[in-house]
Amino acid sequence: MSIEKFQYIRSLQAHEGQMVTIKGWVSNKRDSKGLVFLIMRDGSGFAQCVVDAAQVSEEIFERAKRLTMESSLSLQGTVVKDEKQIGGYEIRVTDLEIIQVAQEYPIAKKEHGVEFLVENRHLWLRSRKQWAMMRVRNRVIFAIHTFFQQNDFLQMDAPIFTGNACEGTSTLFETDFYGRPAYLSQSGQLYGEALAMAHGKIYTFGPTFRAEKSKTRRHLSEFWMIEPEMAFYDLDMNMDLIEAFLKYVVQDVTAHCKEELEILERNTAFLENAVALKFPRIHYDDAVAMIRGEKDVDGKNSIKLLEQDLADIKARIAEIEKEIADREAKISGGSLKQGEINFNRNKIDTLKNEVKELEEKANNIPQWLNSALNFEHGNDFGGSDETVLTRMFNCPVMVYNWPAAVKAFYMKRDPKDPRYVKGVDVLAPEGYGEIVGGAEREDNYELLLERINHEQLPVEAFDWYLDLRKYGTVPHAGFGLGLERMVMWISGGQHIREAIPFPRFYGRLEP
RNA sequence: UCCUCAAUAGCUCAGCUGGUUAGAGCGACUGACUGUUAAUCAGUAGGUCCCUGGUUCGAGCCCAGGUUGGGGAGCCA
């Protein structure tokens, strides 16, 4: 594009040795008598810009000195290669215009608490890790569209206002629709099925809403879901598609977001290995046996692994506590310089936080163990059961053929054993939980009607949906992917609220 | 809704067994320093100890109730 008369940090490489104009913000600053080091960010990346009193006029040097964190400016300078720098290049400044000297910026370089950061989400988004996370999200979205478009899927949108609860289970947000109650959609799937009967292969990509009072790092009240629906697909084809799709997205993101994943300190070797493996497909019955520890996988036992994890965490806590005590002894020893004392204090702060998190984990594991050991065949998996199961694998696992009682009415019965439905859940490794839920749909009018009645759902609300089984019904299948959970897994983040620009969850409506 | 942990300076935290005027680091501000990578060094300002009630000669600390937040369960992507 030739609209801009300035350059972006991302493209500095192409301008080595040349004069460039950069417009952006001060993300950090260090100065001494004759030098000011500005870490500039311009949205495309970060770069150190050096203002040398010997090289610029007194006025320009004074301007550089006046800059505060997050001040906005435009500067010119020469691009110089410097391996030590973030992007590999730095800028020797020759001219500098201040756009605004920012007021005291609330987000400091030091660690902050979660609540403070979420409260300042509109500013937090500027910091390096959040910047990287949003770029990963962007690439995930792009890869999803690319995959489906290249495979002849049409993107079609489902409505957000709905008159009925599609699954009737989860809690819905109620709104007023011209005097009638309407609900914010919790899935576009039923509409996706109608669209698949018109276009063959489609996918929806839109926001969904769940009024669950969940307070965990895996839940949001508003999140984005991708729901493909394919005519003439059965469960096996569905699973083939899910596997190919997930692998494509992961490979595309790891190939195109190297810098971002590095900033996020993501272990990409794990991801690359995960998508090189064939995703295990496990029958529900086998999964239950594995969770209970009755069935080993490659010599690994779920219960023993969990017990080992607990022991490891406890050992780690003891280790950290010893380090904290050592550092405290050093500080009170009195022979340290101020700088060393500060360094040790900061280190102790970080270590204490780590202990806090480990202790929370250690508190939860016994409950998880209990839940795994006493898991009853026929139940749905809880969050901890998923973790217990996926802990044994280094890639996503697919659990298929679920007990009909715990799954939605629209899932097709397995003709070989009608106690089960042809549904599949894909569980991400490393504790990220369920990222995909899918199924072959019930395509028989009578059986579907029977299920709707059995679940005591209002039949009249499903008239149009039942129509799909009257006018040329065909076998079909589809699935739903939670965008933020996918972003979380790929980026290795700790909390789903970091995977969406402005998270909405229980108790959080601003900013 | 349940279990569990927490709330002290703008931020992250310390504050011992209940005892006089509540501390540190970071950030901000002033100054020193030619290459820093969370720079360093000296100094200055900055407090409704979440709220209400109680116990006590005396409460940041103990008790009761509440509010807000973290983690988990349930539910789910």
Side-chain angles (χ1 to χ4, degrees), chain A residues 28-39 46 48 50 52-55 68-69 82 84-86 90 92 103-120 167 169-171 186-187 208 210-221 223-227 328 331 337-350 352-353 356-357 359-368 370-371 379-387 406 408 425-428 432-438 479-486 488-489 494-496 499 506-508:
Chain A
N28 198 3
K29 178 188 158 189
R30 290 176 285 275
D31 63 348
S32 57
K33 192 174 186 183
L35 284 168
V36 177
F37 299 96
L38 300 170
I39 310 297
F46 295 78
Q48 171 163 287
V50 189
D52 186 338
Q55 306 291 323
T68 55
M69 292 274 283
D82 182 351
K84 281 186 297 183
Q85 299 308 328
I86 314 160
E90 78 170 16
R92 303 280 160 82
Q103 295 180 25
E104 184 179 337
Y105 191 63
I107 298 181
K109 283 171 269 186
K110 218 194 159 221
E111 284 176 56
H112 290 284
V114 223
E115 194 193 351
F116 178 79
L117 289 171
V118 175
E119 198 76 51
N120 288 283
E167 301 191 21
T169 50
S170 301
T171 335
Q186 54 177 345
S187 164
T208 47
R210 309 250 168 119
E212 295 155 357
K213 291 182 180 173
S214 295
K215 285 170 59 171
T216 81
R217 41 182 94 206
R218 301 188 309 278
H219 288 87
L220 289 168
S221 303
F223 64 97
W224 288 70
M225 196 150 66
I226 296 91
E227 296 179 281
E328 264 163 1
I331 291 172
K337 281 191 223 154
Q338 195 56 45
E340 290 173 303
I341 291 173
N342 289 348
F343 175 81
N344 278 295
R345 286 233 169 89
N346 288 338
K347 200 80 191 174
I348 288 170
D349 266 15
T350 314
K352 279 190 177 172
N353 267 326
K356 228 190 221 170
E357 280 203 11
E359 274 173 349
E360 256 167 14
K361 239 186 189 171
N363 279 339
N364 287 330
I365 288 182
Q367 296 172 35
W368 294 4
N370 194 43
S371 157
N379 285 352
D380 207 348
F381 295 172
S384 67
D385 305 314
E386 291 171 0
T387 308
V406 298
D425 280 0
V426 181
L427 311 174
Y432 286 99
E434 187 178 344
I435 50 172
V436 168
F479 63 91
L481 170 80
L483 175 66
E484 287 76 15
R485 287 199 182 164
M486 185 70 177
M488 252 5 248
W489 175 48
Q494 288 305 297
H495 202 298
I496 196 159
Y506 184 57
R508 174 60 57 187

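Labels below follow one simple rule: chain letters A, B, ... track the order of the sequence lines, proteins then strands, and each chain is numbered from 1.
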* Centroid distance under 5.5 Å and plane angle under 30°, A:Phe37 vs B:G35 -> no

* Look at the side chain of A:Ser221 and the backbone N and O of A:Ala211, then say whether any donor-acceptor pair between them is shorter than 3.5 Å. => no

* What pairs with A:Asp82 under side chain to side chain donor-acceptor pair (under 3.5 Å), at least two apart in sequence or on another chain? -> A:Gln85

* Which value, in whole Å, describes the distance between the C1' atoms of nucleotides B:U21 and B:G58? -> 16 Å

* To do: Between B:A6 and B:C49, how far apart are the C1' atoms? Round to whole Å, please.
  => 15 Å

* To do: Report the C-alpha distance between A:Arg218 and A:Glu386 in whole Å, list the side-chain angles of each, state the deciding distance to 0.1 Å, and finish with yes or no for salt bridge (charged side-chain N to carboxylate O under 4.0 Å, His left out).
  => CA-CA 12 Å; A:Arg218 301 188 309 278; A:Glu386 291 171 0; 5.0 Å; no

* Asked: Hey, does A:Asp380 reach any base, or is it just sugar-phosphate, or nothing, if we go heavy atoms under 4.0 Å?
  -> sugar-phosphate

* Asked: Quick one: side chain to side chain donor-acceptor pair (under 3.5 Å) partners of A:Gln48, sequence neighbours excluded?
  -> A:Arg30, A:Glu90

* Rounded off to whole Å, could you give me the CD-to-C1' distance for the A:Gln186 and B:C76 pair? => 10 Å

* **Span that lies between the C1' atom of B:G65 and that of B:G74, in whole angstrom** => 27 Å

* Name all residues meeting the side chain to side chain donor-acceptor pair (under 3.5 Å) criterion together with A:Ser371; count only those two or more places apart in sequence or in a different chain, and write none if there are none. => A:Asp385

* Can you name the salt bridge (charged side-chain N to carboxylate O under 4.0 Å, His left out) partners of A:Glu115, sequence neighbours left out? -> none

* Using the C1' atoms only, state how far B:A9 lies from B:U48, rounded to an integer number of Å. => 13 Å

* Asked: In whole Å, what separates the C1' atom of B:C50 from that of B:A59?
  -> 16 Å

* Structure fact -> A:Asn28 has its side chain closest, among B:G35, B:C29, B:A39, to B:A39

* Given atom CZ of A:Phe46 and atom C1' of B:A38, what is their separation to the nearest angstrom? -> 14 Å

* Rounding to the closest angstrom, what is the interatomic distance between B:G46 and B:C61 at atom C1'? -> 24 Å

* To do: Report the distance from atom CZ of A:Phe479 to atom CE of A:Met225, rounding to the nearest 0.5 Å.
  => 11.5 Å

* Asked: Between A:Arg30 and B:A39, is there a side-chain N or O to OP1/OP2 distance below 4.0 Å?
  -> yes

* In Å, rounded to the nearest 0.5 Å, how long is the span from CZ of A:Phe37 to CG of A:Asp52? -> 8.5 Å

* Asked: How is A:Leu220 classified with respect to the nucleic acid when contacts are heavy atoms under 4.0 Å: base, sugar-phosphate, or nothing?
  -> base

* Annotated protein contacts, base or backbone, on nucleotides 69-74 of chain B with a non-hydrogen cut-off under 4.0 Å, one of B, S, - each -> SBSBBB

* **Test salt bridge (charged side-chain N to carboxylate O under 4.0 Å, His left out) applied to A:Glu227 - qualifying residues, sequence neighbours left out** => none

* **Rounded distance (Å) that lies between atom P of B:G10 and atom CG of A:Asn120** => 14 Å

* To do: Look at all strands and tell whether A:Gln494 reaches a base, only sugar-phosphate, or nothing, counting heavy atoms closer than 4.0 Å.
  => nothing

* Asked: B:A14 and B:C26: how far apart are their C1' atoms, nearest whole angstrom?
  -> 14 Å

* To do: Round to the nearest Å and state the distance from A:Arg92 atom CZ to B:U36 atom P.
  => 13 Å

* Asked: Could you state the CD-P distance from A:Gln103 to B:A28, rounded to the nearest angstrom?
  -> 14 Å

* To do: Could you check how far CD of A:Glu227 sits from P of B:A77, rounded to whole Å?
  => 9 Å

* Structure fact -> Across all chains, not counting sequence neighbours, the side chain to side chain contact (heavy atoms under 4.5 Å, CB included) partners of A:Tyr506 are A:Lys213, A:Lys215

* **Interatomic distance, A:Tyr105 OH vs B:C26 C1' [rounded to whole Å]** => 16 Å

* Asked: Rounded to whole angstroms, how far apart are CE on A:Met69 and P on B:C29?
  -> 11 Å

* To do: Treat a base pair as Watson-Crick or G-U wobble with both distances under 3.5 Å, then lay out RNA chain B in dot-bracket form, 5' to 3', with | for cross-strand pairs.
  => (((((((..((((.....[...)))).(((((.......))))).....(((((..]....))))))))))))....

* Which is true for A:Ile435 with a 4.0 Å heavy-atom rule: it touches a base, it touches only sugar-phosphate, or it touches nothing? -> sugar-phosphate

* Asked: How far, in whole Å, is B:C16 from B:A22 if one measures between their P atoms?
  -> 15 Å

* **Residues forming a side chain to side chain donor-acceptor pair (under 3.5 Å) with A:Asn370, sequence neighbours excluded** => A:Asn374

